[in-house]
Amino acid sequence: MKLLYFAWVRERIGKPDEEIEPPAGIATVGDLMNWLARRGEEYAHAFENPQVIRAAIDRAHVKADAAIAGAREIAFFPPMTGG
Amino acid sequence: MTVRLQQEPFDAAAEAAKLTLGRTDIGAVVTFTGICRGDENGDPIAALTLEHYPGMAEAEIARHVEAAESRWALSGVIVVHRYGRIAVGEPIVLVVTASSHRHDAFAAAEFLMDYLKTRAPFWKRVEHGGGGDWVEAKSSDDAAADRWTPSGGRREAAE
C-alpha cells in the first residue's frame, strides 16, 4: 500500500510518500502507526504522540481503530488548519 | 456546485456574479473571503504557505457542500481554496452561497467555513523573519465545527 505524509509528519519522516508492506498482524491504523514508529528515529519522532496524528484511508478521514485491509492509500497528517 | 483549488488569487465579486447570472429566484448571496493576516498569535508574519492533500481536499470539500445542500435550500455554492504561498493581505479562501432567502445562505456559508477549518486537508505554515512554523490547530475551531452536529461535540456523527 502507499503511505502519504503531510506537513510536519512529512518533514519529520523526510519523505512525502512511500510504498510499504506491513507484516501480518498489523490490522488497524493505530497498529500501523505503532509499527511505523519502530522503523527508525525519524518515524519515532513523527509518531511520538500518535493521538494527535490524523489519518485518511483512500482519501476519507478515519479513526485509529479503522481496519487497513484493502486500503490502497493511507495518509498521516497533523490536525488540519485550512480555511 | 463549484469546488476549485488554485494557486492564483481569485476575484470574489466575479465569482459571486456567476451564481446569480440569469437567475431570478435568488434573493440572497453570502460571500465570505478569508484573508491572510499580518500576524499569527501577535507575531508579525510575511506570508503563509498552504500545503494540501491533492484529491482528498477537493473530495472532502465537495462532501461538505453536499451536506450543506441537503440541509439548507441553496440555489448555488462556490468554494475556492488557494494553496502555495500567500502573501499578507491576499485572499486564501472563498465561500459563496446563494438562496432565495438570507437565512439559508448565511447558515450554509458559516457551516462550510467551520468545516473547512477543521476537516479539509490543508496545513498552514507561517513564514517570518526567523524561518517557518506550522500553524497549530485551534480548539475554538473544533468547537465551532462541533456545534453543527446534532450531538454537539461528537464529530463522529458528521462522518
Side-chain angles (χ1 to χ4, degrees), chain A residues 1-20 28-30 32-33 36-37 41-83, chain B residues 5 32-36 40 48-64 79-83 86 91-95 109-126 132-139 141-142 144-145 154-156 158-159:
Chain A
M1 62 182 63
K2 185 178 189 183
L3 298 189
L4 298 174
Y5 309 118
F6 292 97
W8 54 253
V9 176
R10 170 181 56 71
E11 287 184 339
R12 289 181 182 186
I13 291 171
K15 53 184 135 184
D17 57 71
E18 62 184 320
E19 286 288 337
I20 58 128
T28 67
V29 165
L32 184 57
M33 282 197 275
L36 287 167
E41 269 180 35
E42 65 275 33
Y43 290 91
H45 186 210
F47 293 104
E48 68 188 359
N49 205 359
Q51 63 271 25
V52 309
I53 305 284
R54 307 298 173 87
I57 293 182
D58 295 332
R59 303 178 175 185
H61 290 294
V62 295
K63 304 226 166 280
D65 60 2
I68 63 168
R72 292 184 304 277
E73 183 175 296
I74 302 182
F76 292 105
F77 42 81
M80 291 145 282
T81 53
Chain B
L5 305 188
F32 174 87
T33 306
I35 294 167
C36 179
E40 179 70 19
L48 285 174
T49 299
L50 268 99
E51 181 170 330
H52 74 295
Y53 182 171
M56 180 173 171
E58 295 90 326
E60 189 64 19
I61 295 170
R63 273 196 284 273
H64 285 111
V79 178
V80 180
H81 205 307
R82 290 178 67 199
Y83 60 92
I86 296 172
I92 303 171
V93 61
L94 174 72
V95 170
E110 196 165 22
F111 164 88
L112 285 169
M113 274 312 303
D114 285 345
Y115 272 95
L116 283 172
K117 284 269 176 193
T118 56
R119 305 286 290 170
F122 289 86
W123 300 273
K124 289 190 183 113
R125 189 184 173 91
V126 163
D133 296 304
W134 293 101
V135 173
E136 280 198 39
K138 295 185 178 73
S139 58
D141 286 336
D142 282 331
R154 297 236 305 279
R155 258 174 306 147
E156 296 89 315
E159 288 177 359

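Chain A is the first sequence line, chain B the second, and so forth, proteins listed ahead of strands; every chain is numbered from 1. Just so we're clear, the structure is a prediction, and the values are computed from it rather than from any experiment.
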Could you check A/H61 against B/R63 for side-chain contact (heavy atoms from CB on, under 4.5 Å), going step by step and ending with a plain yes or no?
-> CA-CA 12 Å; A/H61 290 294; B/R63 273 196 284 273; 5.6 Å; no

Most contact-rich option vs chain A, by heavy-atom pairs under 4.5 angstrom, among B/F122, B/F32, B/Y83, B/Y53, is B/Y53

What part of B/R82 gets closer than 4.5 Å to chain A, counting heavy atoms only: side chain, backbone, both or neither?
-> neither

Listed partners of B/E58 passing side-chain hydrogen bond (donor to acceptor under 3.5 Å, both in side chains), at least two apart = none

Using the test salt bridge (charged side-chain N to carboxylate O under 4.0 Å, His left out), find all partners of B/D114 that sit at least two apart in sequence or belong to another chain.
-> B/R147

When rounded to the nearest 0.5 Å, the distance separating CH2 of B/W134 from CH2 of A/W8 is 11.0 Å

Inter-chain contacts: residues 71-83 of chain A against chain B, heavy atoms under 4.5 Å = A/E73, A/A75, A/F77, A/P78, A/P79, A/M80, A/T81, A/G82, A/G83

Distance-only donor-acceptor pairs under 3.5 Å for side chains of residues 42-49 of chain A, two or more places apart:
unit_1, atom_1, unit_2, atom_2, d
A/Y43, OH, A/K15, NZ, 3.4
A/Y43, OH, A/E18, OE1, 3.1
A/Y43, OH, A/E18, OE2, 2.7
A/Y43, OH, A/R39, NH1, 3.3
A/N49, OD1, A/Q51, NE2, 2.8

With respect to chain A, which residue among B/A57, B/A59, B/G34, B/A120 yields the maximal number of heavy-atom pairs within a distance under 4.5 Å?
-> B/A120

